Amino acid sequence: MNALKQEFERVCPDAGTREDLLRRFDQIHRDVDCPHNPSHVLSFVIEMFRFQYEHPGSHGVFVEAGCYKGGSSAKFSLATKMLGRELYLCDSFEGLPNNQEEHERSIFGYSIKDWFRAGKFAGSLEEVKRSLSEYGAPDVCTFVPGWFEESLPSFNERIAGAYLDVDLASSTRTCLKYLYPLVEPGGFLISQDGDFPLVIEVFEDEKLWRDEIGVAPPQVMGLHKAKMLKIIKPKE
């Protein structure tokens, strides 16, 4: 976490801005059910500020796929407002969909066998809106409700950065298929599901990248090593 804070200082040199954000992030983490590690959200926020610094003329939006109770959404919304952009929140608001995925163990060795049942990690739209209203910046947020395979094909905003917290390999595949083509050159996509072997298989699927997404497989930082995976989209 200290290394992340040092990187945050580099991309956001204003100490007051950093301290205010981190203080409010801490409060959200205390008051809202947040299963994520605070470092996961901070790593995405750092990329948000990095992109803003390197691409000041961009009007791309930020996207979160998988909101749960809205804790991470509230954190991302505060950073989004500071950067003068928009945040799109994509979720079924009904938890995980029905699936037949057989997850056994993470790359770190712990059991994940019972994590993926339908309905798990459910946060209602009302819960997420309440978290945003009490702790975040709802005025910069737009909701994209529905199962990803139904809601994302019509999504057409240019994306500066996308954060995937979707757990399932099938959901990861859908998000990559419909969101990655919209990521601006130099933009980024982060998945916090890099410790799941079935998700790793999706990121390594050359056929998906070449035939369905229409690009050469990009470099995926952290693959097979870390929970957090990151792609910086090559510049055209």
Side-chain angles (χ1 to χ4, degrees), residues 1-5 7-8 25 28-29 32-48 50 62-73 75-76 89-92 95-123 147-148 152 161-180 183 187-209 213 217-233:
M1 190 69 169
N2 286 336
L4 281 175
K5 288 183 178 179
E7 180 64 12
F8 192 23
F25 287 3
I28 293 168
H29 211 80
V32 181
D33 183 4
C34 294
H36 60 262
N37 185 301
S39 66
H40 302 161
V41 163
L42 184 56
S43 66
F44 186 76
V45 170
I46 287 169
E47 288 300 321
M48 295 167 76
R50 176 198 63 80
F62 295 117
V63 174
E64 180 185 27
C67 303
Y68 188 45
K69 306 287 187 180
S72 55
S73 308
K75 295 177 184 180
F76 293 147
L89 302 172
C90 308
D91 201 293
S92 68
L96 297 182
N98 289 317
N99 69 90
Q100 304 300 319
E101 296 185 16
E102 296 183 2
H103 297 258
E104 295 292 335
R105 292 190 176 276
S106 77
I107 62 172
F108 304 119
Y110 54 81
S111 175
I112 52 176
K113 192 171 184 179
D114 298 323
W115 288 20
F116 302 94
R117 67 179 183 275
K120 193 164 184 180
F121 305 117
W147 303 113
F148 294 140
L152 294 187
Y163 186 84
L164 310 187
D165 180 8
V166 299
D167 299 288
L168 295 175
S170 55
S171 297
T172 300
R173 178 179 292 271
T174 301
C175 288
L176 290 179
K177 180 177 178 179
Y178 293 109
L179 296 180
Y180 187 78
V183 176
F188 59 99
L189 182 146
I190 288 178
S191 168
Q192 75 151 45
D193 300 319
D195 51 337
F196 302 152
L198 295 184
V199 170
I200 292 173
E201 290 179 10
V202 173
F203 277 91
E204 292 184 318
D205 186 348
E206 290 196 14
K207 185 175 177 62
L208 167 67
W209 288 108
I213 301 177
Q219 179 186 7
V220 183
M221 289 171 270
L223 205 58
H224 291 283
K225 298 177 182 178
K227 180 173 179 61
M228 305 299 287
L229 306 181
K230 180 170 69 175
I231 299 172
I232 304 293
K233 191 167 187 179

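Fair warning: this is a prediction, and the values are worked out from it, not measured in the lab.
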Quick one: does Leu176's side chain get under 4.5 Å of Trp209's, heavy atoms only? yes

Side-chain touch Phe203/Thr172, heavy atoms, less than 4.5 angstrom: yes

How close do Gly95 and Ser92 get, counting heavy atoms only, and between which atoms? O-OG, 2.9 Å

Going through the checks in order, is the side chain to side chain contact (heavy atoms under 4.5 Å, CB included) test met by Leu42 and Lys5? CA-CA 8 Å; Leu42 184 56; Lys5 288 183 178 179; 4.3 Å; yes

Quick check: do Lys233 and Tyr180 have side-chain heavy atoms less than 4.5 Å from each other? yes

Rounded to the nearest 0.5 angstrom, the CG-NE2 distance for Asn37 and His29 is 7.0 Å

Mind checking the CG-CE spacing from Leu164 to Met228? Nearest 0.5 Å is all I need. 10.0 Å

Would you say the ring centroid of Phe62 lies under 6.0 angstrom from that of Tyr163? no

Starting at NE2 of His103, measure out to CG of Asp114 and round the result to the nearest 0.5 Å. 12.0 Å

Check whether any side-chain heavy atom of Cys90 lies under 4.5 Å from a side-chain heavy atom of Leu152, and answer yes or no. yes

Of all heavy-atom pairs linking Ser171 and Phe148, the shortest is CB-CD1, 3.9 Å

Tell me if a side-chain donor or acceptor on Asp205 pairs with a main-chain N or O of Leu208 at a distance below 3.5 Å. yes

Going by the salt bridge (Lys or Arg N to Asp or Glu O under 4.0 Å) test, which pairs reach into residues 222-231, not counting sequence neighbours? Glu47-Lys230, Asp195-Lys227

Flag the pair Phe188 / Val183 as yes when at least one side-chain heavy-atom distance between them is below 4.5 Å, and no otherwise. no

Looking at Ser43 and Ile190, what are the two nearest heavy atoms and their distance? O-CD1, 4.2 Å

Nearest 0.5 Å, what's the CZ-CD distance between Phe196 and Glu201? 13.5 Å

Closer than 3.5 angstrom, by distance alone: can the side chain of Lys69 be matched with the main-chain N or O of Asp33 as a donor-acceptor pair? no

Check the angle between the aromatic planes of Tyr68 and Phe121 and answer parallel, tilted or perpendicular using the 30° and 60° thresholds. perpendicular

Check Gly194 against Ile107 and note the closest heavy-atom contact, atom names and distance. O-CD1, 3.8 Å

Counting only N and O atoms by type, is there a donor-acceptor contact under 3.5 Å from the side chain of Glu101 to the main-chain atoms of Ala169? yes

Does the side chain of Glu64 reach to within under 4.5 Å of the side chain of Asp91, using non-hydrogen atoms? no

Taken to the nearest 0.5 Å, the spacing of Met221 CE from Leu223 CG works out to 11.0 Å

List the atom of Gln219, the atom of Ile231, and the distance in Å for their closest heavy-atom pair. O-CG1, 3.7 Å

Within the 4.5 Å heavy-atom criterion, are Glu102 and Phe116 side-chain neighbours or not? no

Lys/Arg N to Asp/Glu carboxylate O, Asp167 vs Lys120, below 4.0 Å: no

Check: Val166 main-chain N/O paired with Asp193 side-chain donor or acceptor under 3.5 Å: yes

Where Leu4 and Ile46 come nearest, the two heavy atoms and their spacing: O-CD1, 3.2 Å

